[in-house]
Amino acid sequence: MTARVLVVDDVLPNVKLLEAKLTSEYFDVLCATSGPEALEIVQREQPDIVLLDVMMPGMNGFEVCRHIKQDEATAHIPVIMVTALDQMSDKIAGLEAGAEDFLTKPVDDIALFARVKSLVRLKVMMDELKNRENTGASLGWVKAGEEAETFEPSNTSILLVDDHEKAAARVGRMLTDMASVSHSIGGEGVAERAREKNYDLVIVSLSMRETDGLRICSKMRSYEETRHVPILVVVEDSEHGSRQLVRALDMGVNDYLVPPVERLELIARVRTQIRRKRYSDRLWENFHISMQLATTDAVTGLYNRHYMNSHLETLLHSARRNAKPLSLAMLDIDHFKPVNDTYGHAAGDEILQEFATRIARNVRGVDLAARYGGEEFVVVMPDTSRHEALVIAERLRHTVSDVPFVLSDGTEINITVSIGLARLDDEVEAASDLLEQADSALYQAKHEGRNRVVVNEEAGGMQASHA
């Protein structure tokens with residue numbers, strides 16, 4: 001995966017060295033030699049990741065990182081601090097400033113490439129969700145912006161997987177003030193357990209005696225329910241641990257710690273991962289809201305005409321390809337205009353909502369119910385013969401006519417519906433043909449007195465089912 005990487009260091013040879021390494025792996029590299037220059041490039045170019053030196057004159061790396069993370073337009077860009085500093089206080093300062101990770105000079109190539117690729121994959125996903133949220137916000141569907149974060153045992157849950165009881169207990173105590181921590185000693189069912197609860201974070205030790213921690217991580221990334229749950233691994237500072245870490249990052253692990261685990265670093269990394277998950281969850285939620293609003297009718301909650309037209313073409317092609325029947329019912333509420341004129345449009349909306357509820361309750365899961373416009377509705381019935389469609393249509397007619405509609409003020413109104421039925425045959429070449437046939441049958445039902453079902457026959461005749 002390629003990406004645009006900004007390298008920031010006041011020492012030009014350091015910049016050139018990192019530029020050469022990244023370019024050899026086909027990354028597009030931007031360079032800056034000061035904090036202000038870096039911020040200007042970040043604003044203008046929106047790189048996918050920033051490799052940032054800490055010790056720079058004027059504006060150091062911590063200040064640059066804070067500026068990047070405090071700006072909503074750039075806060076999602078991952079920052080890796082590259083430094084010769086090895087004090088825990090410096091690492092924690094960087095994490096609290098918003099940095100995703102630290103790499104110590106001289107930079108190990110394998111660790112560099114693994115970390116960059118891992119963070120770039122995450123940013124690509126976040127960018128896509130952010131773009132969708134912005135689209136939804138511009139249309140007034142969702143509200144963009146972040147909410148205040150709190151980390152408490154009542155709203156934060158962590159699964160800790162480690163068969164070293166003392167080490168696990170120590171980590172659990174460190175997190176007790178900010179999260180509800182569940183402990184597992186490993187085993188085959190850990191990933192399945194994680195699927196059953198929406199954990200905010202899973203911490204996995206890669207040095208367990210009886211369980212392969214990497215296998216747990218791999219399974220979690222393969223399950224839909226846990227694919228986006230952040231994973232933090234605890235990995236030994238050794239050659240074997242380095243190989244494990246590279247594999248872990250490659251399979252989608254989000255972050256890591258090296259024992260002995262230091263409390264402030266643990267809390268800083270945990271907060272970062274959970275904050276990002278909540279942000280991602282909000283983006284996903286807004287995306288689903290946008291999709292729902294784009295495909296459903298605002299009054300009735302059924303699918304809208306645009307979605308129905310698009311999906312109907314797909315269903316037609318599928319029915320022809322698999323030699324399966326397909327039927328379509330067009331429904332029109334009888335004498336709906338007098339309802340609006342007599343009781344008002346608010347009452348009319350109540351009728352439409354209840355009508356849609358009754359339709360939705362009396363069609364099958366495979367059927368597609370949509371508001372076609374005004375008081376007209378369409379029900380598409382895949383794999384449904386003419387006779388089966390007639391039975392369904394009669395059930396729909398009765399569910400409307402047999403029980404009065406009750407308005408919010410207690411007024412009861414008797415409502416009936418006329419229904420035109422059509423089915424896929426040799427005369428139907430496109431969705432519009434099927435809709436036209438159903439509309440003709442509906443017109444016939446209205447003409448014959450309403451509150452009835454009329455079937456459009458392929459020979460051009462009509463067959464009525466009377467009330």
Side-chain angles (χ1 to χ4, degrees), residues 224 288 291-292 294-297 300-333 352-373 375-402 416-446 451-467:
E224 183 178 354
H288 289 306
M291 288 297 294
Q292 183 179 16
T295 59
T296 57
D297 173 64
T300 66
L302 298 180
Y303 287 114
N304 59 27
R305 180 172 182 167
H306 175 73
Y307 179 83
M308 187 278 299
N309 282 331
S310 300
H311 198 53
L312 181 55
E313 288 288 358
T314 302
L315 292 174
L316 279 177
H317 290 308
S318 176
R320 289 198 186 281
R321 185 173 62 252
N322 299 307
K324 296 286 188 179
L326 182 140
S327 297
L328 183 145
M330 186 171 287
L331 304 83
D332 189 283
I333 300 175
L352 289 172
Q353 290 164 1
E354 174 61 20
F355 182 87
T357 298
R358 296 189 188 188
I359 296 302
R361 286 176 180 170
N362 286 276
V363 296
R364 304 162 305 176
V366 297
D367 299 332
L368 187 154
R371 186 183 182 191
Y372 196 61
E375 63 270 24
E376 283 191 331
F377 295 78
V378 167
V379 177
V380 184
M381 296 167 277
D383 200 9
T384 305
S385 68
R386 171 190 172 282
H387 174 72
E388 292 168 331
L390 183 58
V391 171
I392 294 171
E394 277 297 336
R395 184 170 71 237
L396 294 176
R397 186 180 69 79
H398 280 289
T399 197
V400 172
S401 64
D402 290 359
T416 61
V417 62
S418 299
I419 303 176
L421 272 181
R423 67 185 181 88
L424 180 61
D425 58 30
D426 293 338
E427 300 297 320
V428 174
E429 295 182 358
S432 58
D433 298 328
L434 194 63
L435 289 165
E436 185 177 339
Q437 287 189 10
D439 187 54
S440 296
L442 174 61
Y443 177 82
Q444 185 71 19
K446 292 283 189 181
N451 190 24
R452 66 194 62 221
V453 179
V454 172
V455 182
N456 185 298
E457 299 289 359
E458 59 268 35
M462 301 285 181
Q463 177 180 334
S465 172
H466 299 281

Between the side chains of [X] and [Y], does any donor sit under 3.5 Å from an acceptor?
| X | Y | value |
| --- | --- | --- |
| T384 | R364 | yes |
| N451 | R397 | yes |
| S440 | N456 | no |

Check whether T357 reaches the backbone of Q353 with its side chain - one donor and one acceptor, N or O, closer than 3.5 Å.
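Checking the backbone N and O of Q353 against the side chain of T357, a donor-acceptor pair under 3.5 Å is found.
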Checking the side chain of R423 only, and the main-chain atoms of L326 only, is there a donor and an acceptor separated by less than 3.5 Å?
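A pair under 3.5 Å: no.
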Got [X] and [Y] here, is their nearest side-chain heavy-atom distance under 4.5 Å?
| X | Y | result |
| --- | --- | --- |
| V379 | L396 | yes |
| L315 | M308 | no |
| L434 | L316 | yes |
| F377 | D332 | no |
| S418 | L331 | no |
| L368 | V363 | no |

Spacing of [X] atom [atom1] and [Y] atom [atom2] [to the nearest 0.5 Å]:
| X | Y | atom1 | atom2 | result |
| --- | --- | --- | --- | --- |
| H306 | T296 | NE2 | OG1 | 12.5 Å |
| S318 | K324 | OG | NZ | 9.5 Å |
| R371 | E376 | CZ | CD | 10.5 Å |
| R358 | D402 | CZ | CG | 9.0 Å |
| N362 | E394 | CG | CD | 12.5 Å |

Go through the steps for D383 and N322 under the test side-chain contact (heavy atoms from CB on, under 4.5 Å), then give the verdict.
CA-CA 10 Å; D383 200 9; N322 299 307; over 6 Å; no
Give a yes or no on this: more than 12 heavy atoms of other residues, nucleotides or ligands lie within 6.0 Å of atom [atom1] of [X].
| X | atom1 | answer |
| --- | --- | --- |
| H387 | NE2 | no |
| Y443 | OH | no |
| Y303 | OH | no |

If every non-hydrogen atom of [X] is compared with every non-hydrogen atom of [Y], which pair is closest and at what distance?
| X | Y | result |
| --- | --- | --- |
| A370 | L302 | CA-CB, 4.1 Å |
| A369 | I359 | CB-CG2, 4.1 Å |
| A329 | I419 | CB-CG2, 4.0 Å |
| S385 | S327 | O-OG, 3.6 Å |
| L421 | M381 | CD2-CE, 3.9 Å |
| V380 | L312 | CG1-CD1, 3.7 Å |

Test salt bridge (Lys or Arg N to Asp or Glu O under 4.0 Å) applied to R305 - qualifying residues, sequence neighbours left out:
none
Filter on salt bridge (Lys or Arg N to Asp or Glu O under 4.0 Å), then keep only pairs touching residues 429-443, sequence neighbours left out; what's left?
none
Those residues at least two apart in sequence (or on a different chain) that pass side chain to side chain contact (heavy atoms under 4.5 Å, CB included) with A438 are L328, M330, A422
Could you walk me through whether F355 and V417 pass side-chain contact (heavy atoms from CB on, under 4.5 Å), step by step?
CA-CA 10 Å; F355 182 87; V417 62; 3.8 Å; yes
